[in-house]
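One structure is given below, encoded as structure tokens.
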Amino acid sequence: MTGIIKATSHFLLIVFSLFLRVKLLVRRRLHADHFRCILFCSMAIMASITPSLARTITLSPQEVFSSIQTNATKNLEGSITVLSINKGAQVILKYSRIKKVRLDCDSEGLFKLDYTIITPEAHQIPPLFPGQLLFIGSASLELDLRSCFFWDAQSIPILLFEGTGKFGIKSISLEPIEEGEDVLAENNWAIFLMPERIRNTTVNFLSPRYWNFESHMLWPNVLGKTILLVSAMLWVGSLFFRWINSHGLVPLFGITGIVIYSLYFLLILIPMLHTQVFITNENKIRQNYMNPEFGELAARARELIDREAKVAIYGEEADWFSPQTLCFNIAPTKCVFAKPNTERYSGISGITELKSSEIDTIVFFNSALPLPEEFQKISEINPNAFIAQKK
Amino acid sequence: MSFLGSTLLLILAGYSLVLLLRVSQKHIVADIALGWFLGSGYFAMASFFVTYILHTRLSLLSSLCTILLPSGILLLCFQTFKPAMRESVVATIGTNYFPKTKRLVYILLLSMVLAVFALVLLHGKNTPTNTDDAVRLRAFTPMLVYENNLTSKTTPLILNNGIFPSFVPILSWQLAGRIEHFHFNYLILTNLLFFLTAIYLFPAIRQKPQQGILNLFLVLSIPLFVYHATTTYIDTLYVIPFSLSFLTMTFYFQERNSRDFRIFLLLMTITCFSKSEGEITGITTLSVMLTYLITKRYRRELNLPSKKEWLLIIPFALYLITRNVVFPNKLISMLLAKGDLSAANQAIASSPQPNRAKALTIFWDSLFSSGNFGVLFYVLSFNVAYYLRTIFQSALFWSLVVLVLLSLEIFYNAIFLTPEFTIDQSTIHRSLMILAVSSALFLASTWERYGFPQSKSPRRR
């Protein structure tokens with residue numbers, strides 16, 4: 001995909017420059033020679049986009065088991081490496097010189113998976129990690145490390161799981177970096193084309209777009225300054241050459257620049273979009289939240305909890321998003337956030353207040369607080385995500 | 001179905017208001033688009049008065065009475081308005097919707113517009129309200145209103161959120177008999193749909209279809225705006241009526257058609273109904289309009305608004321006063337601060353110097369480097385410089401004044417009042433969205449008037 005885009009853009013650039021050359025400088029119509037030139041260039045470029053047969057290394061089950069370093073419990077069950085993940089886990093694959101990792105997996109839990117590479121500079125960058133949502137069942141994942149910031153030949157991949165449950169790795173294939181490959185150029189290009197992802201911060205700002213990550217050149221600056229430069233040249237040129245119609249060309253270049261950026265934005269936006277046409281509202285919650293485990297819990301809460309119930313959300317202390325959104329999803333049912341060592345809980349913006357003794361339903365999500373004895377689970381996704389009611 | 005029903009009722013009320021207030025542009029679809037804004041704004045304002053001034057509980061009956069009132073009045077005077085409606089149908093068929101020259105370019109732009117809009121609709125309708133702040137401002141306050149939970153705790157939230165996002169969704173819930181989260185998504189998308197319809201048709205009606213297409217293209221090329229339209233954040237509900245009002249104001253400056261003046265006043269009133277900032281930008285723009293009219297009157301020019309037309313400012317003034325009596329707008333309070341600016345000065349003095357410098361950098365980066373607005377501000381700044389002399393000599397000058405004042409307000413807030421929110425980038429990009437969308441419309445007006453796709457300038461011989 002990257003190669004095709006690269007080649008197409010080269011091709012378009014050549015055609016456009018030919019057209020400009022003829023129209024602006026030579027002032028002749030395009031004729032047969034030019035068409036032959038275009039045809040030759042396009043054939044050469046099409047040849048370059050034929051994907052080379054990349055060498056891949058497929059790890060044996062023993063190699064998979066031994067190459068994984070993780071803080072989750074790791075077991076080898078037959079030929080499958082099974083990770084028992086509790087709330088979250090980091091999984092390091094002890095291999096370097098890798099471009100892509102292909103995982104065949106079987107998940108018994110709902111996970112949010114991010115991935116990046118371990119590097120001393122990693123702590124300096126914002127967590128703009130690529131990743132995807134994992135649902136229960138078998139899947140084939142392709143993790144492209146080239147789009148990770150600071151990726152190079154020494155990079156070691158790290159997978160970051162959020163969720164609770166068992167995750168089985170059936171096989172791992174690694175696509176290594178070929179000899180003589182320009183790692184820096186590949187990294188820059190992959191970061192340039194990295195798809196946008198929905199994060200908690202996306203409503204405040206979209207991910208920064210780098211034209212060249214190594215030199216921290218931002219794509220809007222590159223394109224914007226190019227438009228400024230060309231437009232300024234046209235303006236100045238129109239003062240000296242009568243046949244340059246800046247009145248028509250200045251807006252044209254402005255629109256062209258905006259078209260280019262808009263097409264680019266569509267390219268990076270489309271992979272993240274939820275485009276299901278026929279989907280129920282409950283399934284929207286289940287499938288389209290940033291964290292599928294949370295989405296499932298919210299959907300079950302809406303289905304199971306009575307309108308008259310008095311609900312407390314038992315959440316992680318550092319997690320501001322989940323309790324608020326759980327309460328919102330079951331509104332207008334009375335809902336508050338449980339806090340340790342307090343008798344009185346409050347809800348969204350402090351509007352609802354309930355005493356701990358009034359609570360008859362608990363929605364539990366990764367909390368450190370123990371479940372009170374008088375409550376029993378009525379719906380469980382995993383030991384860290386469930387709904388309980390008073391006995 | 002309940003959302004569809006509520007939308008139709010709001011449009012019915014709005015279309016009735018369009019005819020009653022004589023702001024019809026003699027085009028059925030454009031009038032319906034305008035009717036959506038007027039109808040939902042009217043419902044929000046009327047419900048606000050019913051609950052906070054008359055202290056009456058909102059119910060399905062009270063909502064239906066409110067929403068059907070304009071249609072009832074129209075029905076009584078139907079014969080008076082029948083010819084206008086017939087004229088609208090004829091004019092709708094006769095409008096030229098597509099430019100006659102450089103059609104290939106406009107087909108490309110229109111294709112992009114349709115592709116982006118289709119994706120926005122699909123993703124927006126599938127959003128599971130996955131905001132990280134589903135509370136306080138967003139889809140939570142209409143739930144409070146629906147439940148008639150209007151206390152000293154909830155009222156500040158509701159009014160700071162704005163009465164438009166807080167009151168309009170409840171009609172569909174009242175019709176359904178229950179709260180449905182996804183109606184809030186649909187409200188945002190419906191608002192966007194009618195906005196896009198309006199910014200395309202308003203110029204087309206004035207024989208400028210190329211400007212309509214440029215409006216659509218430039219607005220939908222703003223990445224952050226496109227993304228926001230798919231969420232449950234209310235920034236688009238604030239940006240859209242302002243931008244439409246700005247567009248109408250630009251037409252008024254150019255053509256001095258009193259109908260445009262009336263539409264401007266009504267839409268600027270609705271701008272005040274979303275977010276605390278809505279009132280500030282509404283007052284600012286109205287001040288520019290007043291200044292414009294005073295200069296024209298000073299020059300004894302004709303075609304100025306009559307005294308009757310100024311009556312339409314009453315809802316604007318009435319809302320501002322009553323809303324601030326019920327619960328003062330914290331921004332206005334800060335600025336007025338008992339007759340002096342000591343509170344604002346205190347905010348400036350207390351903000352540490354290094355933060356302000358960093359905030360300035362981030363403010364600049366947001367406009368040009370962040371990608372949230374694409375390359376719009378690069379293109380805009382060059383084109384304003386290129387056409388500056390002609391802009392200064394034309395009616396577009398006053399539109400530029402509005403944009404400059406808007407920029408200064410956002411700048412002042414971002415750098416001096418809340419630099420911490422600028423630095424952590426929690427509000428600065430969203431604050432600039434209103435500037436971006438209005439600038440896009442301004443750019444399209446400039447190009448339509450002076451640049452692309454005019455025929456070549458006459459060659460000097």
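Below, chain A is the first sequence line, B the second, and so on; all start at residue 1. Worth knowing before you read on, the calculation uses all heavy atoms, side chains too, and leaves out hydrogens, waters and symmetry mates.
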ring-ring contact (aromatic ring centres under 6.0 Å, His included) with B:Y238: which residues, sequence neighbours excluded? none

Segment of [X] engaging chain A (4.5 angstrom heavy-atom cut-off):
| X | result |
| --- | --- |
| B:Q425 | both |
| B:Y146 | neither |
| B:N149 | side chain |
| B:L144 | side chain |
| B:I179 | side chain |

I'd like to know if the side chain of [X] pairs up with that of [Y] as donor and acceptor (distance under 3.5 Å, no hydrogens or angles considered).
| X | Y | result |
| --- | --- | --- |
| A:D319 | A:S322 | yes |
| B:Y378 | A:N221 | yes |
| B:H183 | B:S172 | yes |
| B:R430 | B:Y233 | no |

Hey, are the side chains of A:Y261 and A:W219 touching, using non-hydrogen atoms and a 4.5 Å cut-off? yes

Greatest number of heavy atom pairs closer than 4.5 Å to chain A - which of [options]:
| options | result |
| --- | --- |
| B:G371, B:S369, B:S381 | B:S369 |
| B:T446, B:L122, B:L121 | B:L122 |
| B:P223, B:S221, B:G124 | B:P223 |

What part of [X] is in contact with chain B, defined as an atom under 4.5 angstrom from a non-hydrogen atom: side chain, backbone, both or neither?
| X | answer |
| --- | --- |
| A:L266 | side chain |
| A:I260 | neither |
| A:L206 | both |
| A:R286 | neither |
| A:F265 | side chain |
| A:T202 | both |

Which donor-acceptor pairs under 3.5 Å do the side chains of residues 223-237 of chain A make with protein atoms, sequence neighbours left out?
from, atom 1, to, atom 2, distance (Å)
A:T226, OG1, A:V222, O, 2.6
A:S231, OG, A:I227, O, 2.7

Identify which of A:N281, A:T275, A:I351 forms the greatest number of heavy-atom pairs closer than 4.5 Å to chain B. A:N281

Charged N-O contact under 4.0 Å between A:E282 and A:R300: no

So, B:Y386 versus B:Y450, ring centres under 6.0 angstrom or not? no

Indicate yes or no for a side-chain donor-acceptor contact from A:E196 to the backbone of A:S207 under 3.5 Å, with no hydrogens or angles considered. yes

